[in-house]
> 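Mind having a look at this structure? Questions to follow.
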Amino acid sequence: EAQVTQNPRYLITVTGKKLTVTCSQNMNHEYMSWYRQDPGLGLRQIYYSMNVEVTDKGDVPEGYKVSRKEKRNFPLILESPSPNQTSLYFCASSLRSGLAYEQYFGPGTRLTVT
Amino acid sequence: SQKIEQNSEALNIQEGKTATLTCNYTNYSPAYLQWYRQDPGRGPVFLLLIRENEKEKRKERLKVTFDTTLKQSLFHITASQPADSATYLCALETGYSTLTFGKGTMLLVSP
């Protein structure tokens with residue numbers, strides 16, 4: 001089954017404790033991205049990757065890091081999480097970049113930073 | 001900066017009626033526009049894509065229009081059903097490989 005998976009689905013952590021949210025897709029997609037979704041603010045793009053070893057900032061990259069060492073994986077790293085990073089996070093992938101291709105979203109990771 | 005506006009209030013309609021949702025944008029001329037459905041706590045699901053040279057696109061009970069002069073897209077669900085209740089998002093490409101979503105419109109279909 002074609003899908004995007006994320007882990008963990010739920011995470012409660014404390015300020016400053018480094019964490020990684022994994023994202024994997026099995027569709028051989030070139031483009032992957034991370035979004036956060038907050039009430040009243042909608043979905044906002046954090047980082048995106050157009051292919052292996054090619055990443056770039058989205059609208060809200062501060063406090064986040066990403067890497068794309070393999071085509072299927074695109075982990076999101078929070079080196080020193082803060083409470084304002086409490087949010088619902090989504091990973092997405094598409095065949096290529098741009099809106100000519102539909103985005104496939106993962107199930108989401110709900111992160112709480114205390 | 002690019003601004004995308006969708007109906008800010010929830011849209012309540014009766015089963016069987018046509019729901020019409022609006023997506024307005026400024027300061028950009030997108031080549032494509034997409035619509036997604038999102039259920040609470042779940043990831044958005046792609047519904048339709050429309051290109052700038054297409055005036056209208058249909059898929060079953062769904063219809064999307066795209067007016068690049070008005071900078072507006074309309075999303076219609078005909079013969080709406082309670083199962084159509086969800087939040088609907090429009091999305092534009094607002095920079096090189098940067099995608100921007102509207103905040104979404106919550107649709108509630110009553111039996």
Side-chain angles (χ1 to χ4, degrees), chain A residues 2-6 9-10 21 23 25 27 29-51 54-61 66 68 74 87-111, chain B residues 1-10 21 23-25 27-54 57 59 62 64 66 68 73 86-106:
Chain A
Q3 61 183 348
V4 177
T5 56
Q6 294 179 228
R9 295 289 314 281
Y10 302 91
V21 183
C23 172
Q25 50 91 7
M27 296 168 279
H29 284 173
E30 290 184 356
Y31 184 86
M32 297 185 73
S33 59
W34 276 102
Y35 296 86
R36 62 178 288 174
Q37 188 171 39
D38 302 289
L41 296 177
L43 271 170
R44 293 179 293 168
Q45 194 173 41
I46 303 170
Y47 268 94
Y48 64 89
S49 169
M50 295 180 66
N51 215 324
V54 181
T55 63
D56 210 342
K57 298 175 181 178
D59 293 324
V60 288
V66 293
R68 187 94 179 272
F74 189 45
S87 188
L88 180 58
Y89 291 85
F90 290 103
C91 180
S93 73
S94 63
L95 185 61
R96 292 190 179 82
S97 67
L99 272 189
Y101 305 95
E102 67 179 273
Q103 303 287 309
Y104 291 79
F105 282 82
T109 295
R110 190 168 292 280
L111 172 66
Chain B
S1 63
Q2 175 66 12
K3 193 173 177 183
I4 302 172
E5 289 186 346
Q6 296 188 246
N7 312 59
S8 57
E9 304 296 325
L21 285 64
C23 177
N24 294 300
Y25 59 93
N27 300 335
Y28 197 69
S29 300
Y32 306 92
L33 187 146
Q34 294 183 350
W35 283 88
Y36 289 79
R37 169 184 173 138
Q38 186 175 24
D39 292 288
R42 307 190 72 167
V45 174
F46 172 81
L47 294 175
L48 282 168
L49 175 154
I50 188 164
R51 294 172 172 76
E52 62 178 340
N53 60 353
E54 297 176 315
K57 198 81 168 279
K59 178 182 175 182
L62 308 180
V64 171
F66 193 12
T68 55
S73 176
T87 296
Y88 292 87
L89 310 171
C90 65
L92 307 176
E93 188 170 17
T94 55
Y96 183 65
S97 292
T98 302
L99 306 180
T100 300
F101 284 79
K103 293 179 183 178
T105 298
M106 183 183 295

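Everything numeric here is computed off the predicted structure, so don't read it as measured data. Numbers restart at 1 for each chain; the letters A, B, ... are given by sequence-line order, proteins then strands.
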> Is A/Y101 close to chain B through its backbone or its side chain, or both, or neither, when contacts mean heavy atoms under 4.5 Å?
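The answer is the backbone of A/Y101.
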> Is it true that, when you exclude B/M106 itself, more than 12 heavy atoms of the residues, nucleotides or ligands shown sit nearer than 6.0 Å to its CE?
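Count not over threshold, so no.
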> ring-ring contact (aromatic ring centres under 6.0 Å, His included) with B/F46: which residues, sequence neighbours excluded?
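In terms of ring-ring contact (aromatic ring centres under 6.0 Å, His included), with neighbours along the sequence ignored, B/F46 is linked to B/Y36.
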> Of the non-hydrogen atoms in B/F66 and B/R51, which two are nearest, and what is the gap between them?
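B/F66 and B/R51 have their closest heavy atoms at CD2-O, 3.4 Å.
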> What part of A/Q6 gets within 4.5 angstrom of chain B, counting heavy atoms only: side chain, backbone, both, or neither?
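A/Q6 has no heavy atom closer than 4.5 Å to chain B.
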> With sequence neighbours left out, what residues match B/K103 under salt bridge (charged side-chain N to carboxylate O under 4.0 Å, His left out)?
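Testing B/K103 for salt bridge (charged side-chain N to carboxylate O under 4.0 Å, His left out), a comparison that skips the adjacent residues, returns none.
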> Quick check on B/Q38 against chain A: is it the side chain, the backbone, both or neither that has a heavy atom closer than 4.5 Å?
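Side chain of B/Q38 only, per the 4.5 Å heavy-atom cut-off to chain A.
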> B/L89 versus chain A, heavy atoms under 4.5 Å apart: side chain, backbone, both or neither?
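Side chain only.
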> Would you mind telling me which of A/A92, A/G58, A/A100, A/P107 has the largest number of heavy-atom pairs within less than 4.5 Å of chain B?
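Greatest number of close heavy-atom pairs with chain B: A/A100.
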> When heavy-atom pairs shorter than 4.5 Å are enumerated against chain A, which of B/V45, B/L49, B/L99, B/L33 gives the highest number?
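When all of B/V45, B/L49, B/L99, B/L33 are compared, B/L99 has the most.
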> If you count every heavy atom of other residues, nucleotides or ligands that lies below 6.0 Å from B/R42 atom CZ, does the total exceed 12?
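At most 12 heavy atoms, drawn from other residues, nucleotides or ligands, come within 6.0 Å of this atom.
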> So, A/Q103 versus B/Q34: side-chain donor-acceptor pair below 3.5 Å or not?
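A/Q103 vs B/Q34: no donor-acceptor pair found between side chains.
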> If I measure from the heavy atoms of chain B, does A/D56 come under 4.5 Å with its side chain, its backbone, both, or neither?
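Neither part, no heavy atoms under 4.5 Å.
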